[in-house]
Every structure is written in structure tokens, then in C-alpha cells.
Participant: 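Next up is a structure, given as C-alpha cells.
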Amino acid sequence: DAKTTQPPSMDCAEGRAANLPCNHSTISGNEYVYWYRQIHSQGPQYIIHGLKNNETNEMASLIITEDRKSSTLILPHATLRDTAVYYCIVDLRGAGNMLTFGGGTRLMVKP
Amino acid sequence: GAVVSQHPSWVICKSGTSVKIECRSLDFQATTMFWYRQFPKQSLMLMATSNEGSKATYEQGVEKDKFLINHASLTLSTLTVTSAHPEDSSFYICSATIPATGELFFGEGSRLTVL
């Protein structure tokens with residue numbers, strides 16, 4: 001699995017967009033970018049994933065650079081309940097493999 | 001959507017006793033489940049891969065005789081922490097894969113405290 005690099009922590013004002021970056025410079029052509037988050041004392045929650053194109057769902061948007069070496073998760077209107085650790089993971093979709101978690105980014109949404 | 005459930009969500013036990021944690025896939029069959037351990041303020045660390053009908057595959061440094069994994073059916077995997085000690089206190093999380101799509105879902109986690 002490709003290694004990812006994320007800032008250890010970020011702050012965001014409530015109601016503003018939270019932009020969480022992730023570097024994955026060694027990603028291979030068939031690896032997807034996955035984002036999960038973990039709210040304190042809960043299991044990880046799936047947010048979104050993508051291969052090449054930008055993706056959007058009800059939770060977030062995922063912007064992947066053209067060279068696929070980095071991506072950004074965007075929470076358009078952060079709320080206090082979005083305070084969590086966000087993990088960026090690259091993995092082969094459908095491989096049934098376990099996901100390897102890095103350190104993640106601890107996002108603190110402040111009033 | 002698919003749900004993975006763990007039980008118990010938290011447990012306190014005395015040192016030297018054994019504790020069993022269950023992981024169930026509620027609306028799909030999971031041939032493979034994964035067990036993770038998470039210490040405070042650290043990331044999830046994979047402990048083992050649980051395969052239905054066969055022996056689990058353990059990650060390096062994880063004692064298979066201490067952390068017994070049984071995956072007896074397509075919807076249930078159990079992790080038994082044998083002769084638990086205070087250093088085994090941790091947050092244990094399971095995940096399960098839908099075979100057809102490869103989608104991965106996580107359980108709510110089980111917090112073990114060994115006194």
C-alpha cells in the first residue's frame with residue numbers, strides 16, 4: 001500500500017469549509033484514495049473514495065490532483081460534530097485487503 | 001446500508017481472566033474480517049485477519065495464543081483475549097468486507113479495561 005502523509009492537526013471555524021490535504025506521491029495506477037474518519041471512542045466511518053475524478057457525496061467532496069499524488073477532502077460547512085480524526089488511505093478497491101491506517105489529521109471544529 | 005456490530009461495547013475485567021469480543025456482519029456475509037487494536041491517541045493497528053473456516057493470520061508481534069480468533073460462520077468472528085493483563089487494555093475494532101464489492105465496514109469498537 002502507498003504511504004500517505006497528512007498534517008497531524010487542523011482547526012476550522014464552524015460553518016466554514018474544512019479542507020484536509022493528503023499526500024500520496026507513491027500511489028500506483030490502480031489504487032484508490034479512501035477517506036475515513038473516527039470520532040472519539042467509535043469505529044472508523046467511511047466518508048468517500050475516488051480513483052481519478054473528483055467525487056462528491058452527501059458528506060464531502062474529494063479533489064484528486066491530475067497526477068494523483070495528492071488529494072483534498074472538503075467538508076463544505078463544518079459543524080462541531082465533524083470534530084474527529086480523518087484518515088486518508090490508498091488501497092486497491094475490491095481487493096478485500098485490510099486498510100493500513102496512518103496517523104490521520106485531527107480536525108477540531110470550533111464555534 | 002451494511003452494518004458491522006461489536007459486542008460488548010465496553011468491558012472491565014480482572015487481570016488473569018479471559019474476555020471474548022464478538023463481531024457480527026448484520027446484513028451481509030463476510031468471508032474475511034479484520035481485527036484492529038487502538039491505544040489512546042494512536043492510530044489503528046491491524047492485529048489479525050480472520051478467515052471463515054480457516055485459521056486467522058496474525059500480524060508480526062501479535063501473540064496468536066493470547067488473542068484467539070474464531071470465525072466459525074459467515075457473519076460472526078470472535079476475539080478472545082486470554083489471561084488479560086492491564087497492558088491489554090485498549091480499544092478493539094473489527095471490520096468486515098463485502099466479498100462482491102470489496103467495501104469495508106467497521107464495527108463500533110469494544111473498549112477493554114483490565115484491572
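Every chain is numbered from 1, with letters handed out A, B, ... down the list of sequences. Please read these numbers as outputs of a predicted model, since none were measured by experiment.
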Participant: If you round to the nearest 0.5 Å, how far is CZ of F101(A) from CE of M45(B)?
Facilitator: 11.5 Å

Participant: Do W10(B) and L115(B) land in one hydrophobic cluster if side-chain heavy atoms of ILVMFWY residues count as linked below 4.5 Å?
Facilitator: yes

Participant: For residues L112(B) and W35(B): do they belong to one hydrophobic cluster (side chain heavy atoms under 4.5 Å, members Ile, Leu, Val, Met, Phe, Trp, Tyr)?
Facilitator: yes

Participant: When you look at I93(B) and Q38(A), which way does the side chain to side chain contact (heavy atoms under 4.5 Å, CB included) test go after all the steps?
Facilitator: CA-CA 11 Å; I93(B) 304 168; Q38(A) 187 179 25; 3.6 Å; yes

Participant: Taking the side chain as C-beta and beyond, is there a heavy-atom pair between P44(A) and Y36(B) under 4.5 Å?
Facilitator: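 No, every pair of side-chain atoms sits at 4.5 Å or beyond.
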
Participant: Determine whether Q42(A) and F91(B) satisfy the following criterion, side chain to side chain contact (heavy atoms under 4.5 Å, CB included), listing intermediate values before the conclusion.
Facilitator: CA-CA 9 Å; Q42(A) 296 183 25; F91(B) 193 50; 5.6 Å; no

Participant: Test of understanding: clusters of I, L, V, M, F, W, Y form through side-chain heavy atoms closer than 4.5 Å, transitively. Do Y86(A) and L62(A) belong to the same one?
Facilitator: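 Same hydrophobic cluster.
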
Participant: Taking atom NE2 of H40(A) and atom NZ of K41(B), what is their separation to the nearest 0.5 Å?
Facilitator: 9.5 Å

Participant: Crowded around K66(B) NZ? As in, over 12 foreign heavy atoms under 6.0 Å?
Facilitator: yes

Participant: Taking all non-hydrogen atoms of both residues, which atom of G102(A) and which atom of S43(B) are closest, and how far apart?
Facilitator: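 In terms of heavy atoms, the two residues are closest at O-OG, 2.5 Å.
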
Participant: Would you say L44(B) and Y87(A) make side-chain contact, with heavy atoms under 4.5 Å?
Facilitator: yes

Participant: Tell me whether L79(B) is reachable from V62(B) by hopping between hydrophobic residues (I, L, V, M, F, W, Y) whose side-chain heavy atoms are closer than 4.5 Å.
Facilitator: yes

Participant: How far apart are the C-alpha atoms of Y36(A) and F106(B), what are their side-chain angles, what is the distance that settles it, and do they pass the side chain to side chain contact (heavy atoms under 4.5 Å, CB included) test?
Facilitator: CA-CA 10 Å; Y36(A) 283 78; F106(B) 288 85; 3.5 Å; yes

Participant: Between Y34(A) and L104(B), is the side chain to side chain contact (heavy atoms under 4.5 Å, CB included) condition met? List the steps.
Facilitator: CA-CA 11 Å; Y34(A) 289 84; L104(B) 187 68; over 6 Å; no

Participant: Less than 4.5 Å to any heavy atom of chain A: does that hold for the side chain of Q6(B), its backbone, both, or neither?
Facilitator: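 When you check distances to chain A, no heavy atom of Q6(B) falls under 4.5 Å.
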
Participant: Please indicate whether H85(B) has more than 12 foreign heavy atoms, meaning atoms of other residues, nucleotides or ligands, lying under 6.0 Å from its NE2.
Facilitator: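 Correct, the count exceeds 12.
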
Participant: Quick check on the hydrophobic clustering: are Y92(B) and F105(B) connected, directly or via other members, by side-chain heavy-atom contacts under 4.5 Å?
Facilitator: no

